[in-house]
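Down below is the structure, laid out as structure tokens.
Here the structure is a predicted model, which is why all the values come from computation and not from measurement. Just follow the structure's listing: the first ligand is 1, and inside any ligand the first atom is 1.
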Amino acid sequence: MPDAAANFSLLQRTCSLVVVLCLLHISVTIVYYMRNSDSRQAFVQNQQSPQIHRKLAEQKVNTDDIKLPSPTNATKPEKKLETCPDNPPRLVGPLRVEFSDPVTLDLVRSENPALQPGGHFKPPDCIAQQKVAMIIPFRNRDEHLKYWLYYLHPILQRQQLDYGVYVINQGGKETFNRAKLLNIGYAEALKEYDYDCFVFSDVDLIPMDDRNLYKCYNQPRHLSVSMDKFGFRLPYTQYFGGVSSLSKEQFLKINGFPNNYWGWGGEDDDIYNRLTSRGMTVSRPDSIIGRCRMIRHERDKQNDPNPQRFDRIAHTRETMTRDGINSLTYTVVQIEKDQLFTKITVDVGKQ
Ligand code: BGC
């Protein structure tokens, strides 16, 4: 019996030791896990699909944007901000862009808390190199606009631009006039802010790589160089359609865009002619960085191919001095300020 009692006591002590070791192991694991959760998040960010990758990057932008007042901030003099770098540090490169999941404006609003009314943004941690107005010619494409805002706002914030989004909505039932809407966007944006660069973007085009910077360069820039619609290549060397950017100076040098291209086609070729006739060349990203997706759609009503376009393109050099920003006339019908954009409805007149 004494042997049995001794064995029992030994067993009891062994069990207690095992329990203590287990508790110790669990505590060490918890401490280790907590200390490494930050680096684990960074690892996940590098392993995930581009979309999740993008989401995480967005979250980073958004949390960085929130500045909590602290007693030290109150007493210290404000730190002078430096100019943003040439290569924005939070870019993630290729992005997955798809249009199968529905998107709501409320979702986009909640994902972009740093936006100011009218779809304005300034980087919180540096002074942007350029003030860029995003001009979108528009009519009856609300579904497309949601995707544009959903994808572009986070990209433009990662690109550290000081930007505003202007949706120029053609009111009435007259034939669509894309280039005139772009001229109006230029004029209206300048009434609000001292923009020095203008990006002109179709509402249905989404970049697939955030290294395609939506800003201005030494020469006018064509940004949508590699569209899925054209098999990810330029349809022709002089193509300047889709998305482009011009500095204020470049825009004025060509007297803006033509006002008399009614219906589909030709106005972008006219703009190309204007640029080359004033001694400028077109700058472009490479065909990988310049990849973009177009949202498929039927041809719009009141936007049939313009039969006069070939004749007009042939005479750009003669017409451009009298037809452009210097001859622009229109009436503003309504201005709507959303968190995500400024929508300006205009009467562009008749054909
Ligand atoms: C039209 C352009 C258009 C291009 C690509 C050309 O024939 O004139 O306006 O952007 O085709 O579709």
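- Taking hydrophobic clusters as Ile, Leu, Val, Met, Phe, Trp and Tyr residues chained together by side-chain heavy-atom distances below 4.5 Å, I335 does not share a cluster with V165.
- With respect to R221, the side-chain hydrogen bond (donor to acceptor under 3.5 Å, both in side chains) criterion is satisfied by exactly one of S244, S283, S245: S283.
- Using a 4.0 Å cut-off to heavy atoms of G266, the atoms of ligand 1 that qualify are 1 (C), 2 (C), 8 (O), 9 (O).
- Atoms of ligand 1 lying under 4.0 Å from any heavy atom of D268, numbered from 1 in the order shown and given with element: 2 (C), 3 (C), 9 (O), 10 (O).
- Not a single N or O atom of W264, backbone or side chain, sits closer than 3.5 Å to an N or O atom of ligand 1.
- Salt bridge status for D125 with R90: present, with a side-chain N to carboxylate O gap under 4.0 Å.
- Looking at F230, Y236, Y261, Y239 and measuring to atom 11 (O) of ligand 1, the nearest heavy atom belongs to Y236.
- Geometrically, K215 engages Y217 in a cation-pi contact defined by less than 6.0 Å to the ring centre and at most 45° from the axis.
- For an aromatic pair to be called close, the ring centres must be under 6.0 Å apart, and Y147 with Y150 fails this.
- By the 4.0 Å heavy-atom criterion, G241 is excluded from the residues contacting ligand 1.
- Atom 8 (O) of ligand 1 has as its closest protein heavy atom D269 OD2, 2.5 Å.
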